[in-house]
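Single-structure report; data block below.
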Amino acid sequence: MLKRFKLGLNELDTLINELPNSGIIALRGNLASGKTTLSKAIINKNNPAIVTSPTFSIMQDYGQIYHYDIYQGGFEAIKRNGLYENLYEDGLHIVEWADDELLKFADKNGLDICIVDIIVSGNERVYEVSYA
């Protein structure tokens with residue numbers, strides 16, 4: 001089932017309240033579509049922290065929330081660094097730049113995954129939420 005939201009920056013709580021609190025949230029969208037902004041909003045709602053994009057470190061750990069940015073190397077970077085094992089840990093795993101390889105891995109290993117496709121629409125974003 002696909003849910004669709006058209007929201008401004010100050011309306012992200014509407015979307016966050018619909019997202020799971022555990023498992024994997026796979027964020028997809030073009031450059032500057034708002035993946036990091038959404039990640040920060042999710043993390044801050046659950047665990048107020050100074051959130052930085054893990055572009056160069058691949059993963060940041062915020063307690064029971066894990067934030068991945070795989071722009072540089074896709075799911076292959078997660079495997080290469082041994083971070084795929086973290087996806088089995090309890091908690092919420094937010095993955096920016098999620099690719100098909102991540103989705104296949106989650107499906108093959110029975111991991112819960114929520115996919116959020118982000119589309120720029122003027123000053124708002126369209127968020128299409130589905131489950132694999």
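No donor-acceptor pair under 3.5 Å is formed between the side chain of His67 and the backbone N or O of Tyr62. Glu11 places a side-chain N or O within donor-acceptor distance of the main-chain N or O of Gly8, the cut-off being under 3.5 Å.
In this structure, Leu15 is not a member of the same hydrophobic cluster as Leu2, with clusters built from ILVMFWY side-chain heavy atoms closer than 4.5 Å. Both Leu9 and Val129 belong to a common hydrophobic cluster when Ile, Leu, Val, Met, Phe, Trp and Tyr are linked at side-chain heavy-atom distances under 4.5 angstrom.
Considering Ile24, Asn21, Leu19, Ile25 as possible partners of Leu92, the one that fulfils the side chain to side chain contact (heavy atoms under 4.5 Å, CB included) test is Ile25. For the side chain to side chain contact (heavy atoms under 4.5 Å, CB included) with Val116, the lone residue among Leu38, Ile94, Ile42 that qualifies is Leu38.
The aromatic rings of Phe105 and Phe75 sit tilted, their planes meeting at an angle between 30° and 60°.
Grouping Ile, Leu, Val, Met, Phe, Trp and Tyr by side-chain contacts under 4.5 Å, direct or through others, puts Val126 with Ile119.
Counting non-hydrogen atoms of neighbouring residues, nucleotides and ligands closer than 6.0 angstrom, the CG atom of Asn17 exceeds 12 such neighbours. Within a 6.0 Å sphere centred on CG of Asn109, heavy atoms belonging to other residues, nucleotides or ligands number more than 12.
Of all heavy-atom pairs spanning Ile78 and Tyr84, the tightest one is CG2-N, 3.2 Å. The two residues Arg125 and Ala32 make their nearest non-hydrogen contact at NH2-O, 3.5 Å. Shortest non-hydrogen contact noted between Ser39 and Leu27 is OG-CD1, 3.3 Å. The two residues Pro20 and Tyr131 have their closest heavy-atom pair at CD-OH, 3.6 Å. The shortest heavy-atom contact between Leu102 and Ala98 is CD2-CB, 3.7 Å. Scanning all heavy atoms of the two residues, the minimum distance from Lys35 to Arg28 falls at CD-C, 4.1 Å.
One distance of note links OG1 of Thr14 with NZ of Lys6; it measures 15.0 Å at 0.5 Å rounding. Atoms OH and CG, from Tyr68 and Leu87 in turn, are 4.5 Å apart once rounded to the nearest 0.5 Å. Note: Ile115 CD1 to Ser130 OG = 4.0 Å, rounded to the nearest 0.5 Å.
In this structure, Tyr71 and Glu96 have side chains that are not in contact, with every pair of non-hydrogen atoms separated by 4.5 Å or more. Residues Asp61 and Asn86 have side chains not in contact (no heavy-atom distance under 4.5 Å, counting atoms from C-beta outward). A heavy-atom distance below 4.5 Å is not found between the side chains of Asp107 and Leu103. Looking only at side-chain heavy atoms (C-beta outward), Glu124 and Leu7 stay at 4.5 Å or farther from each other.
Contact check on Lys79 versus Glu76 returns a salt bridge, with a Lys/Arg side-chain nitrogen under 4.0 Å from an Asp/Glu carboxylate oxygen.
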message: Using side chain to side chain contact (heavy atoms under 4.5 Å, CB included), reason through Asn30 and Val120 one step at a time and then give a plain yes or no.
response: CA-CA 8 Å; Asn30 292 332; Val120 177; 6.0 Å; no
